[in-house]
Amino acid sequence: MKIVADKPRMLTDTPLHYCPGCAHGIVHKLVAEVLDELGKVDGAIGVVPVGCSVFGYKYFKCDVLEAAHGRAPAVASAIRRVVNPDNMIFTYQGDGDLASIGMAETVHACMRGENITIIFINNGIYGMTGGQMAPTTMPGEKATTCVYGRDPKVNGNPVRMCEMLATLTGPAYIERVSVYDVPHVNKTKAAIKKAFQMQMEKKGLSFIEVVANCPTNYHMTALESMQFVKEKGCEFYPLGVYKDITKEEK
Amino acid sequence: MKKLWKGNEAIAEAAVAAGCRYFFGYPITPQNEIPEYLSWRLPEVGGAFIQAESEVSAINMVYGAAGAGARCMTSSSSPGISLKQEGISYIAGAELPCVIVNIMRSGPGLGGIQPAQGDYFQATKGGGHGDYHPIVYAPCSIQEFVDITYSAFDIADKYRTPVMIIGDGMLGQMMEPAEIPPMRDLSTLPDKNDWAACGHSDGIPRIINSLRIEADENEEFNLRLFEKYAVIAQNETKHEYYEIDDAEIVFVAYGSVARICKAAVVELRANGIKAGLIRPITLYPYPTDAVAEVAKKDCVKKFITVEMSMGQMVEDVRLAVNGLKPVEFYGRCGGNVMMPADLVKYVKEGK
Ligand SMILES: Cc1ncc(C[n+]2csc(CCOP(=O)(O)OP(=O)(O)O)c2C)c(N)n1
Ligand code: SF4
């Protein structure tokens, strides 16, 4: 019998705890598929955040460290010094983790140009703690700590991480992608692959932002939430490559 | 061979000799010589140094390097150690071995950069959140700093626990003759392959984690942690008695203050007053039995705990003495240091 679809070798058999329709599951699978295809599961080290993906260590079948909230880039930077340069190191972080409490760790790992890959799930909300405002919640978007919608005058403005980090010399590759439909899932996979390939070639830090959903805290169905990501999320957070030193080299 | 070493640099070289190859830190006085020294020294021996963006980041780098199986350390001074507490709690929760040095300055807040001992509670009672204790050493000379730093990495590995070494600006900045032990042969360091997340290819994931979301699982972990602490207390508790045999007045002091107390003991004895000193070398586990034994002796009239703080260790002394004898407290703080003559006067005149 011909196998046409299979679970990536890098995922364990543990059932995912994510809400139905949540992008976390999709991106987990993509990361695992890419490392499988690159033959880089062996020796891979993941650093998972505090957030809905805190249990990443139950799903990724490789060595994993569960970092304190926001500190994954610092943890990964140190591991980079310790292990073989050929080992793939990635962090997997939400927007509260990466762009709020861990902003300093993120920016400085990027400034140092660490040879690691950062997978950044931007769902515009604090998923795990129940839908509070995130550093990426869009103006007008509702959250449990801005119940009338984010008012920049009251709540401050959201941050566009790719644009900001692209101003730094350190990162090698920065791309923003989304997973609201199959073509975009495929594009996301290609971006993650490129990111790890850059790491394999020791080009420096690669940063993939995934504009993602949180149906539970958007109070939407899975489908509605993906529609929201497509129409609103990707309008505010334009998809594309923000930095690619291999292009600059040419 | 003995050489003249500055305290902070001696700590740094002792760490290198012990096989530590990774250091993560952030500048703060009066410990700067440790990161400065290791920034050039570690690359010489095949290691690495990162000047982190903050103490929060530095301790989380320690979490990463220790989690990947490396001998690593960080150092800081009081305000920076406050920032490290999150990471220290995670390190304790994930049972990772590492060494943390605190060259204390005065507080609270930004305080001052003069010597102080106001971080005793923070160091010994956990500091960060949750039920845990690092092992805490308080050396009193540069040679002792060297010897304790050298063995601290082995202790940390043996028990898979953070070890904290505390001194103060005086010990960090002064120079004394000290001998650095021989360089450890790295092939003799403990094998961490069965648990360290350093990128295995045998299909068995190594997980470094402190999340235990089930109450029973987390309680079981806490119980096991404290069983470990009981073993540590049994094996590693250290103290020094000085002129204790016939002592009537017993000072209790650690670190540089213990040296000041020794000078006071000599002076008091020259004046016909039988004084002695108990010097805890480990502050956690606390040498409770060593203090309790002395408290039982008939000749002992009272204890005087001497600290560069408003009185922190004195609480552990009172617990150990358990009402058998009076326990008084003499302290200076804010960066001021008592003189032996101050202690002599206090004993003679009660103030
Ligand atoms: C120091 C600290 N502060 C706060 C929390 C509580 N907390 C847990 S998850 C989380 C937010 C996670 O949101 P995000 O990073 O956006 O990830 P998501 O859950 O949306 O995937 C917070 C604030 C914590 N665990 N530690
Ligand atoms: S709360 Fe949101 S981010 Fe978390 S698993 Fe559910 S849908 Fe996903």
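So you know, we letter chains A, B, ... as the sequences are listed, proteins then strands, and number each from 1. Just so you know, these numbers use all the heavy atoms, side chains as well, and skip hydrogens, waters and symmetry mates.
- Note: B:Leu211 CG to A:Lys58 NZ = 7.5 Å, rounded to the nearest 0.5 Å.
- Only the side chain of A:Arg112 comes within less than 4.5 Å of a heavy atom in chain B; its backbone stays farther off.
- Most heavy-atom pairs under 4.5 Å with chain B, from the set A:Gly70, A:Ala67, A:Ala74, A:Pro73: that is A:Ala74.
- Taking A:Ile45, A:Thr12, A:Val64 one by one and counting their heavy-atom pairs under 4.5 Å with chain B, the maximum is reached by A:Val64.
- Of all the listed residues (A:Ile89, A:Asn87, A:Val50), the one sharing the greatest number of non-hydrogen pairs under 4.5 Å with chain B is A:Asn87.
- Both the backbone and the side chain of B:Tyr63 come within contact range of chain A, each with at least one heavy atom under 4.5 Å from a heavy atom of that chain.
- Contact annotation for A:Ala44: only backbone heavy atoms (N, CA, C, O) come within less than 4.5 Å of a heavy atom of chain B.
- Within 6.0 Å of CD on B:Glu214 lie no more than 12 heavy atoms contributed by other residues, nucleotides or ligands.
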- Message: Could you walk me through whether A:Val107 and B:Glu53 satisfy the side chain to side chain contact (heavy atoms under 4.5 Å, CB included) test, starting with their C-alpha distance in whole Å, then the side-chain angles of each, then the deciding distance to 0.1 Å, before giving a yes or no?
- Response: CA-CA 9 Å; A:Val107 171; B:Glu53 54 271 26; over 6 Å; no
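- Around the NZ atom of A:Lys29, the shell of radius 6.0 Å holds no more than 12 heavy atoms that belong to other residues, nucleotides or ligands.
- The environment of CG in B:Asp185 is crowded: more than 12 heavy-atom neighbours from other residues, nucleotides or ligands sit within 6.0 Å.
- The environment of B:Tyr26 atom OH is sparse: at most 12 non-hydrogen atoms of other residues, nucleotides or ligands sit within 6.0 angstrom.
- In terms of heavy-atom pairs under 4.5 angstrom with chain B, the leader among A:Val47, A:Leu65, A:Val41, A:Val48 is A:Leu65.
- Atom CD of B:Glu217 has more than 12 neighbouring heavy atoms from other residues, nucleotides or ligands inside a 6.0 Å radius.
- When the candidates B:Ala58, B:Gly64, B:Gly93, B:Gly203 are compared by the number of heavy-atom contacts under 4.5 Å with chain A, B:Gly64 comes out ahead.
- Around atom CD1 of B:Ile113, no more than 12 heavy atoms belonging to other residues, nucleotides or ligands sit under 6.0 Å away.
- Using a 4.5 Å heavy-atom cutoff, the side chains of A:Arg71 and B:Met61 are not in contact.
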- Message: Before you tell me yes or no, could you show the steps for A:Glu66 and B:Ile207 under side chain to side chain contact (heavy atoms under 4.5 Å, CB included), namely the whole-Å CA-CA distance, both residues' side-chain angles and the distance that decides it to 0.1 Å?
- Response: CA-CA 8 Å; A:Glu66 201 297 296; B:Ile207 311 294; 5.9 Å; no
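- Judged purely by atom type and a 3.5 angstrom limit, A:Asp63 uses its side chain to pair as donor or acceptor with the backbone of B:Cys198.
- Using a 4.5 Å cut-off between heavy atoms, B:Ile204 contacts chain A through its backbone alone, with no side-chain atom that close.
- Residue B:Ala48 touches chain A through its side chain alone, counting heavy-atom pairs closer than 4.5 Å.
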- Task: Verify side chain to side chain contact (heavy atoms under 4.5 Å, CB included) between B:Ile208 and A:Tyr57, making sure each step is shown before the conclusion.
- Result: CA-CA 9 Å; B:Ile208 303 298; A:Tyr57 60 84; over 6 Å; no
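- Proximity to chain A (any heavy atom under 4.5 Å) is shown, for B:Ala94, by neither the backbone nor the side chain.
- Distance OH/B:Tyr90 to NE2/A:His69: 8.5 Å, rounded to 0.5 Å.
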- Task: Verify side chain to side chain contact (heavy atoms under 4.5 Å, CB included) between B:Val56 and A:Glu105, making sure each step is shown before the conclusion.
- Result: CA-CA 9 Å; B:Val56 176; A:Glu105 284 76 7; 3.8 Å; yes
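- A:Ala78 approaches B:Ala65 most closely through the heavy-atom pair CB-N, 3.7 Å.
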